[in-house]
Protein chains: 2
Amino acid sequence: MTTRERPRDTRARIQQVALDLFAEHGYEKTALREIAEKLGVTKAALYYHFKTKEDILVSIFTDSAEQIDELIEWARSQPPTVETRREVIRRYSGLMRGNRKLLQFMHENQPTLRDLPIGETMKHRMAGLFEVLTDDGQSLPDQLRGRLAVFAISFGTMVAMSDTKHSRDEVADAAVEVALDLIRG
Amino acid sequence: MTTRERPRDTRARIQQVALDLFAEHGYEKTALREIAEKLGVTKAALYYHFKTKEDILVSIFTDSAEQIDELIEWARSQPPTVETRREVIRRYSGLMRGNRKLLQFMHENQPTLRDLPIGETMKHRMAGLFEVLTDDGQSLPDQLRGRLAVFAISFGTMVAMSDTKHSRDEVADAAVEVALDLIRG
DNA sequence: GTCTATAACTAGATAGAC
DNA sequence: GTCTATCTAGTTATAGAC
């Protein structure tokens with residue numbers, strides 16, 4: 001409680017700015033100089049808080065994505081019924097709506113994240129999500145439908161329809177409807 | 001007709017190797033040195049055939065993706081019925097199966113391509129594809145379904161299911177079934 | 001048409017002062 | 001905790017020989 005006068009949450013502010021830039025331009029195209037400038041500090045200051053550039057990327061991902069793990073855990077504690085799966089979809093949609101920036105970040109940097117050590121974690125997470133949404137007894141198309149449902153939510157949350165007639169929430173609601181319809185017994 | 005003895009297809013070979021590497025590691029992480037080494041030439045040779053690195057990326061895209069334009073054109077010449085749309089899906093699946101590398105390339109470098117001048121072209125292409133697969137008379141969920149159908153094909157063509165019980169073609173076939181089901185009157 | 005050599009630059013990262 | 005200064009390594013790109 002003594003070692004915290006004014007400096008504060010610089011670490012969190014770095015993550016915040018980096019999240020914005022990584023989501024906007026992608027990890028590779030974002031220079032540390034850019035992050036530093038936006039914060040009004042130098043590159044060297046960044047290195048006090050993070051060991052490497054990659055470290056910033058990974059920290060954003062790990063700090064934020066545990067909600068999905070909790071959702072999977074919850075699903076596993078429930079009976080594997082269609083209704084459970086539908087509830088997973090609804091909750092997943094809620095999560096994504098509350099974290100559009102993070103979703104955009106993950107989508108934009110998916111190829112990059114995949115090649116990192118943390119890519120395995122991400123892969124396992126997706127596998128877990130798919131696992132609670134499908135089962136081996138289903139036909140191959142139905143298994144695909146379950147996986148596609150996850151994407152429908154992301155797609156609907158993030159991508160604005162080209163015509164501007166519909167609000168983001170309308171599209172997100174429609175995405176939930178489509179996704180629910182893709183979950184079959 | 002005089003200036004073409006033996007060298008010839010170096011340009012095409014550069015594109016081929018670049019396609020491989022860009023699809024595998026992504027555009028940013030691929031060094032021109034790498035491409036040159038794989039071909040057994042020097043970086044400078046690359047600059048004889050292409051003005052910039054970006055030029056290589058763009059040339060791959062433009063040289064290969066015109067099949068999609070032709071598909072869209074064909075669809076526009078047909079009556080906008082459900083059956084036409086289903087045929088578009090089938091043909092699109094055929095295209096993607098024949099060009100897995102290109103599909104992977106596009107997926108991996110989507111964020112990069114988007115920020116380039118050619119990104120607009122890509123966007124228009126997708127918009128055209130969506131246009132022939134949906135119409136304004138449909139409900140919002142049905143419009144989303146039409147767009148999701150396109151993704152289902154890509155998804156099914158590229159992503160192997162985590163369990164190895166199914167071949168790529170089986171998954172691709174299932175994807176077509178799911179996609180067709182997403183196209184509604 | 002392709003090479004050698006190198007220019008010109010930018011990135012991420014570190015050392016040490018304050 | 002943040003700074004200045006600098007390093008190292010990698011990149012794109014060009015000039016000019018063969």
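Below, read A as the first sequence line, B as the second, and so on, with proteins coming before strands; counting in each chain starts at 1. Excluded from the calculations below are hydrogen atoms, water molecules and symmetry mates; all remaining heavy atoms, backbone and side chain alike, are included.
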Problem set entry | Under 4.0 Å protein heavy-atom contacts per nucleotide of nucleotides 11-18 of chain D, with B for base, S for backbone only and - for none | SBBB----
For this session: Could you pull out all residues at least two apart from A:Tyr48 that satisfy side-chain contact (heavy atoms from CB on, under 4.5 Å)?
Result: none
Exercise. Counting side-chain heavy atoms from C-beta on, which of C:dC3, C:dT2, D:dC3 comes nearest to A:Thr42?
Worked result: D:dC3
For this session: Can you tell me the distance, in whole Å, between the CD atom of A:Glu37 and the P atom of D:dC3?
Result: 12 Å
Exercise. Starting at CZ of A:Phe50 and ending at P of C:dG12, how long is that distance when rounded to a whole Å?
Worked result: 15 Å
Problem set entry | Contact list for residues 116-132 of chain A, test side-chain hydrogen bond (donor to acceptor under 3.5 Å, both in side chains), sequence neighbours left out | A:Asp69-A:Arg125
For this session: Using only side-chain N and O atoms of A:Tyr48, determine if any of them is under 4.0 Å from OP1 or OP2 of D:dT2.
Result: no
Problem set entry | Residues which pass salt bridge (Lys or Arg N to Asp or Glu O under 4.0 Å) with B:Lys38, listed by chain and number, not counting sequence neighbours | none
Problem set entry | Sidechain N-carboxylate O distance under 4.0 Å for B:Glu34, B:Lys29 | no
For this session: Could you list all the salt bridge (charged side-chain N to carboxylate O under 4.0 Å, His left out) pairs where at least one residue sits in residues 46-55 of chain A, not counting sequence neighbours?
Result: none
Exercise. Under 4.0 Å between a side-chain N or O of A:Thr10 and OP1 or OP2 of D:dG1?
Worked result: no
Exercise. Between atom CG in B:Leu39 and atom C1' in C:dC3, what is the gap in whole Å?
Worked result: 15 Å
Seminar exercise, completed: Contacts satisfying side-chain hydrogen bond (donor to acceptor under 3.5 Å, both in side chains) that involve residues 84-99 of chain A (not counting sequence neighbours) are A:Gln67-A:Asn99, A:Thr81-A:Thr84, A:Glu83-A:Arg90, A:Arg85-A:Asp135, A:Glu87-A:Arg90, A:Glu87-A:Arg91, A:Ser93-A:Arg97, A:Arg97-A:Asp169, A:Arg97-A:Asp173
